[in-house]
Amino acid sequence: MPTIDCDPAVARERLADADVRVDEGNTPHERWRAEREGAVAVAYDDKVVVQGSDPTRLTALLRDGGGRAHVYFDGASRGNPGPASVGWCLVTSDGVVAEGGERIGRATNNQAEYAALIRALEGADEYGFDAVDVRGDSELIVKQVRGEWNANDPELRERRVRARELLERFDRWSIAHVPREINARADDLANEALDDAN
């Protein structure tokens, strides 16, 4: 059960900025309570205690910011182009901070991969990380973002620019190609999003 020494008013503001609903406390000693996806934060006079099955969902938001995250992304397209989805996961030494998968309409596989990268980077930025190590199983996307390969397709070129803009928000970043088995969680999330829609 993580305990974060902080000003509860500042912590409450951070949660509100991240669209987490904050309610009044249940006892006279509790200043407020907030809940997000299996985690509950309870504020006292000079600290916030986070409990639940997945406390990292809130601890990353409540800490002073900064820190490093491993960012995994994957896109899926059935038909290429066809119904497409994205999957992404943010991981720190404390565990999974956030993850998601969603349909994005009709796209090619490469368009879906870029959409997944962009969504993952937006998530890392929202959580306030100052360093990210990005990992994906699309060699094309990784090498285009690093500038090793050209992006000839105008739409992919536009998405590469957006990904680079997001990467520049971090003090330090890296992006590397990894085998599919290393990227399994992001892959699962992308495929589950497609399966759930059927």
Is any NZ, NE, NH1 or NH2 atom of the basic residue among [X] and [Y] found under 4.0 Å from an Asp or Glu carboxylate oxygen of the other?
X: D130; Y: R172; value: no
X: D187; Y: R185; value: no
X: R103; Y: D196; value: no
X: R162; Y: E122; value: yes

> Shared ILVMFWY cluster between Y127 and I118, side chains joined below 4.5 angstrom?
Replying inline: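 Same hydrophobic cluster.
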Is a side-chain donor or acceptor of [X] paired with a backbone partner of [Y] at a separation under 3.5 angstrom?
X: H177; Y: D137; value: yes
X: R157; Y: N152; value: yes
X: Q144; Y: W149; value: no

> Going through the distances and angles, do R33 and E24 end up as a salt bridge (charged side-chain N to carboxylate O under 4.0 Å, His left out)?
Replying inline: CA-CA 6 Å; R33 295 181 146 253; E24 295 307 312; over 6 Å; no
>> Looking at every heavy atom in both R160 and A151, which two are closest together, and how far apart are they?
In response: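 Distance-wise, the nearest heavy atoms are NH1-N, 3.8 Å.
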>> Testing the basics here: between F129 and F170, what is the closest heavy-atom pair and its distance to 0.1 Å?
In response: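 Looks like O-CD2, 3.2 Å.
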> Can you tell me if N191 and R78 form a side-chain donor-acceptor pair at under 3.5 Å?
Replying inline: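 Looking only at side-chain atoms, R78 and N191 do form a donor-acceptor pair, the distance falling under 3.5 Å.
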> E158 and Y114: side-chain donor and acceptor closer than 3.5 Å?
Replying inline: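 No, no side-chain donor-acceptor pair sits under 3.5 Å.
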> Between L166, V132, D133, which is the residue that forms a side-chain contact (heavy atoms from CB on, under 4.5 Å) with W173?
Replying inline: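 The passing option is V132.
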Sequence neighbours left out, cut at 3.5 Å: what donor-acceptor pairs do the side chains of residues 4-13 make with other protein atoms?
residue, atom, partner, partner atom, Å
D7, OD1, A9, N, 2.9

> Which residues satisfy the salt bridge (Lys or Arg N to Asp or Glu O under 4.0 Å) test with D46, sequence neighbours excluded?
Replying inline: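 Not a single residue meets the salt bridge (Lys or Arg N to Asp or Glu O under 4.0 Å) criterion with D46.
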> Looking at residues at least two apart in the chain, or sitting in another chain, which of them share a side chain to side chain contact (heavy atoms under 4.5 Å, CB included) with T108?
Replying inline: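 Partners of T108 by the side chain to side chain contact (heavy atoms under 4.5 Å, CB included) criterion, ordered by chain and then number, come out as N80, P81, N110, Q111.
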